[in-house]
Student: 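Take a look at the following structure, please.
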Amino acid sequence: MPTTADNAIPAHMAIIMDGNGRWARQHGLPRLKGHEAGAETVRCVIRYCRDAGIKVLTLYAFSTENWARPPAEVLGLMSLLKNFLRDNEPELHEHRVRLRIIGRRGDLESSIVRELERVERATAAYTGGQLILALSYSGRSELVQATRAIAEEVKRGALRPEAIDEATIAAHLYAPDVPDPDLIVRTSGELRISNFLLWQCAYSELYVTPVLWPDFREADFRAALDAYRQRQRRYGRVEAAQ
Ligand code: IPE
Ligand code: IPE
Ligand code: MG
């Protein structure tokens with residue numbers, strides 16, 4: 001079993017990027033300015049992860065629940081997403097990073113889906129790391145779509161209900177080959193998971209910082225990694241002998 005010595009660096013880090021709105025309010029700015037500042041943090045954090053040797057970074061960028069925000073904010077976020085793709089694609093190629101999308105992609109505007117899928121295809125063979133964007137993502141709807149797909153297989157006679165196990169469910173998630181996140185970071189101090197990676201977070205280490213996402217800097221990133229290094233991942237077992 002992995003012990004402290006094995007978790008020097010998370011193989012997969014996932015981040016709930018929260019606090020853009022509060023950052024904007026603190027600065028007397030409209031919420032969208034907070035999202036713009038947050039997009040800058042994204043660029044930096046991708047680099048910190050690369051420099052630290054983290055192989056997979058999943059970013060919670062937009063939840064299914066976020067569609068209920070004011071239309072102007074949703075529109076602004078979608079346009080930031082387009083800009084993000086345009087600005088960051090060269091770096092993905094340069095560093096051979098594979099881009100993947102998880103979530104209900106059919107909810108997104110078709111021009112955005114086309115762009116996302118074009119970049120997904122163009123980077124599909126890269127092995128320099130993975131950047132996974134959770135867009136219109138909900139852990140519960142991920143499990144609903146997995147359940148439906150499994151039910152279809154049972155109906156076709158391709159699968160016996162008794163044969164369904166944890167591996168069957170894991171195999172029907174959006175990115176089935178990606179290992180579960182070792183570390184989930186949430187900024188802005190909220191102590192909740194907000195429908196993120198519900199299946200995959202079973203044994204993730206959680207790290208919450210009060211820092212708002214637009215203020216999250218390299219020192220904060222290092223602090224998260226330092227905290228992770230101190231954790232003893234027991235997976236329900238007895239503490240390993242030192
Ligand atoms: C996170 O910041 C960005 C998204 C959820 C899209 P918020 O917009 O949730 O910021 P707060 O929580 O209102 O401060
Ligand atoms: C979680 O943040 C979703 C994203 C970061 C995209 P929210 O701000 O939407 O979550 P709640 O509303 O505080 O739970
Ligand atoms: Mg929030």
Side-chain angles (χ1 to χ4, degrees), residues 10 12-46 48-49 56-85 87-88 99-109 112-113 116 130-144 173-175 178 181 183-201 204-217 220-221 224:
H12 180 180
M13 180 190 271
I15 308 182
I16 303 173
M17 309 181 289
D18 198 13
N20 295 350
R22 276 161 283 173
W23 182 91
R25 183 150 25 93
Q26 276 182 6
H27 291 76
L29 296 167
R31 290 181 61 85
L32 211 51
K33 290 286 171 200
H35 296 311
E36 282 175 25
E40 267 314 301
T41 305
V42 172
R43 276 185 82 90
C44 297
V45 167
I46 292 172
Y48 306 153
C49 283
V56 185
L57 171 65
T58 298
L59 297 174
Y60 202 4
F62 194 86
S63 73
T64 53
E65 289 79 12
N66 291 149
W67 290 111
R69 293 189 177 197
E73 181 171 348
V74 171
L75 224 69
L77 283 165
M78 292 301 143
S79 122
L80 277 175
L81 172 61
K82 283 187 207 164
N83 296 346
F84 171 83
L85 266 186
D87 298 345
N88 290 275
L99 178 83
R100 299 175 80 167
I101 305 305
I102 57 171
R104 297 167 49 103
R105 58 179 77 198
D107 292 350
L108 300 164
E109 196 189 288
I112 295 184
V113 178
L116 288 166
Q130 298 193 49
L131 173 64
I132 304 179
L133 297 182
L135 291 169
S136 195
Y137 178 85
S138 141
R140 285 188 174 180
S141 49
E142 180 171 34
L143 291 170
V144 168
L173 300 177
Y174 292 126
V178 171
L183 175 65
I184 297 181
V185 172
R186 183 166 190 152
T187 55
S188 90
E190 307 294 355
L191 296 172
R192 55 178 170 260
I193 207 81
S194 299
N195 212 354
F196 190 42
L197 303 177
L198 294 183
W199 175 272
Q200 299 89 330
C201 76
S204 301
E205 295 295 325
L206 307 178
Y207 178 84
V208 175
T209 169
V211 175
L212 304 176
W213 180 246
D215 287 330
F216 191 82
R217 299 276 182 274
D220 306 300
F221 176 81

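Note that ligands are numbered from 1 as they come in the structure, with each ligand's atoms numbered from 1 the same way. None of these values were measured; they are calculated from a predicted model.
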Student: At a non-hydrogen distance cut-off of under 4.0 Å, which region of His35 contacts ligand 1 (side chain, backbone, both, or neither)?
Tutor: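 Near ligand 1, His35 shows its side chain, while the N, CA, C and O stay back.
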Student: Among all protein heavy atoms in this structure, tell me which lies nearest to atom 13 (O) of ligand 2, with the distance rounded to 0.1 Å.
Tutor: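 Minimum-distance protein heavy atom for atom 13 (O) of ligand 2 reads Arg192 NH2, 2.8 Å.
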Student: Restricting to N, O or S atoms, which atom of Asp18 is closest to the Mg ion (ligand 3)?
Tutor: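 Among the N, O or S atoms of Asp18, the one closest to the Mg ion (ligand 3) is OD1.
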Student: Closest approach of Cys49 and Phe221, non-hydrogen atoms and distance?
Tutor: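 Where Cys49 meets Phe221 most closely, the heavy atoms are SG-CE1, 3.7 Å.
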Student: Give the contacting part of Glu65 toward ligand 2: side chain, backbone, both or neither, where contact means a heavy-atom distance below 4.0 Å.
Tutor: neither
Student: Looking only at distances, can you tell me whether any N or O atom of Asn20, backbone or side chain, sits closer than 3.5 Å to an N or O atom of ligand 1?
Tutor: yes
Student: Taking all non-hydrogen atoms of both residues, which atom of Asn20 and which atom of Gly38 are closest, and how far apart?
Tutor: OD1-CA, 4.0 Å
Student: Between Trp67 and Met78, what is the shortest heavy-atom contact and its length?
Tutor: CH2-CE, 3.8 Å
Student: What residue and heavy atom of the protein are closest to atom 9 (O) of ligand 2, and at what distance?
Tutor: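 Of every protein heavy atom, Asn66 ND2, 2.9 Å lies nearest to atom 9 (O) of ligand 2.
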Student: Measure the distances from the heavy atoms of Met17 to every atom of ligand 2 and state whether one is below 4.0 angstrom.
Tutor: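 Yes, Met17 has a heavy atom closer than 4.0 Å to ligand 2.
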Student: Can Ser63 and Asn195 be said to form a side chain to side chain contact (heavy atoms under 4.5 Å, CB included), step by step?
Tutor: CA-CA 8 Å; Ser63 73; Asn195 212 354; over 6 Å; no
Student: What closest approach, in Å, do Phe196 and Ala134 show between heavy atoms, and which atom pair accounts for it?
Tutor: CE1-CB, 4.2 Å
Student: Quick check on contacts: which atoms of ligand 1 are under 4.0 angstrom from a heavy atom of Arg22?
Tutor: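 Numbered from 1, ligand 1 contributes 11 (P), 12 (O), 14 (O).
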Student: Just do the side chain to side chain contact (heavy atoms under 4.5 Å, CB included) check on Trp213 and Trp23 with the steps written out, would you?
Tutor: CA-CA 8 Å; Trp213 180 246; Trp23 182 91; over 6 Å; no
Student: Any nitrogen or oxygen of Ser63 lying under 3.5 Å from a nitrogen or oxygen in ligand 2? Just yes or no.
Tutor: no
Student: For a quick test of reading the model, state the closest non-hydrogen atom pair linking Pro214 to Gly19 and the distance between them.
Tutor: CD-O, 4.1 Å
Student: Using a 3.5 Å cut-off on N or O atoms only, is Ser194 in polar contact with ligand 2?
Tutor: yes
Student: Check whether any N or O atom of Arg69, backbone or side chain, sits under 3.5 Å from an N or O atom of ligand 1, and answer yes or no.
Tutor: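 N/O-N/O distance under 3.5 Å: yes.
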Student: Suppose I only count heavy atoms of Ala61 and a 4.0 Å limit; which atoms of ligand 1 are within that range?
Tutor: 6 (C)
Student: Would Leu206 and Leu191 count as a side chain to side chain contact (heavy atoms under 4.5 Å, CB included) if you check the C-alpha gap in whole Å, the side-chain angles of each, and the deciding distance to 0.1 Å?
Tutor: CA-CA 10 Å; Leu206 307 178; Leu191 296 172; over 6 Å; no
Student: Would you kindly specify which portion of Ala134 sits under 4.0 Å from ligand 2, judged on non-hydrogen atoms: side chain, backbone, both or neither?
Tutor: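 For Ala134, no heavy atom sits under 4.0 Å from ligand 2.
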Student: Number the atoms of ligand 1 from 1 as they appear, then name those within less than 4.0 Å of a heavy atom of Gly21, with their elements.
Tutor: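 Matching atoms, with element in brackets: 7 (P), 8 (O), 10 (O), 11 (P), 13 (O), 14 (O).
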Student: Strictly under 4.0 Å, does any heavy atom of Gly19 approach an atom of ligand 1?
Tutor: yes
Student: Starting from atom 2 (O) of ligand 2, which protein heavy atom do you reach first, and at what distance in Å?
Tutor: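 Residue, atom and distance for the closest contact: Arg186 NH2, 3.7 Å.
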Student: Which atoms of ligand 2 are found less than 4.0 Å from any heavy atom of Phe62?
Tutor: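 Numbered from 1, ligand 2 contributes 6 (C).
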Student: State, to 0.1 Å, how close Arg104 and Thr64 come at their nearest heavy-atom pair, and which atoms those are.
Tutor: CD-CG2, 3.6 Å
Student: Just let me know how Leu212 lines up against ligand 1, side chain, backbone, both or neither, with a heavy-atom cut-off below 4.0 Å.
Tutor: neither
Student: Hey, which of Asp18, Asp215, Thr209 is the one that makes side chain to side chain donor-acceptor pair (under 3.5 Å) with Ser188?
Tutor: Asp18
Student: Go through the steps to decide whether His12 and Gln200 satisfy the test side chain to side chain contact (heavy atoms under 4.5 Å, CB included), and finish with yes or no.
Tutor: CA-CA 11 Å; His12 180 180; Gln200 299 89 330; over 6 Å; no
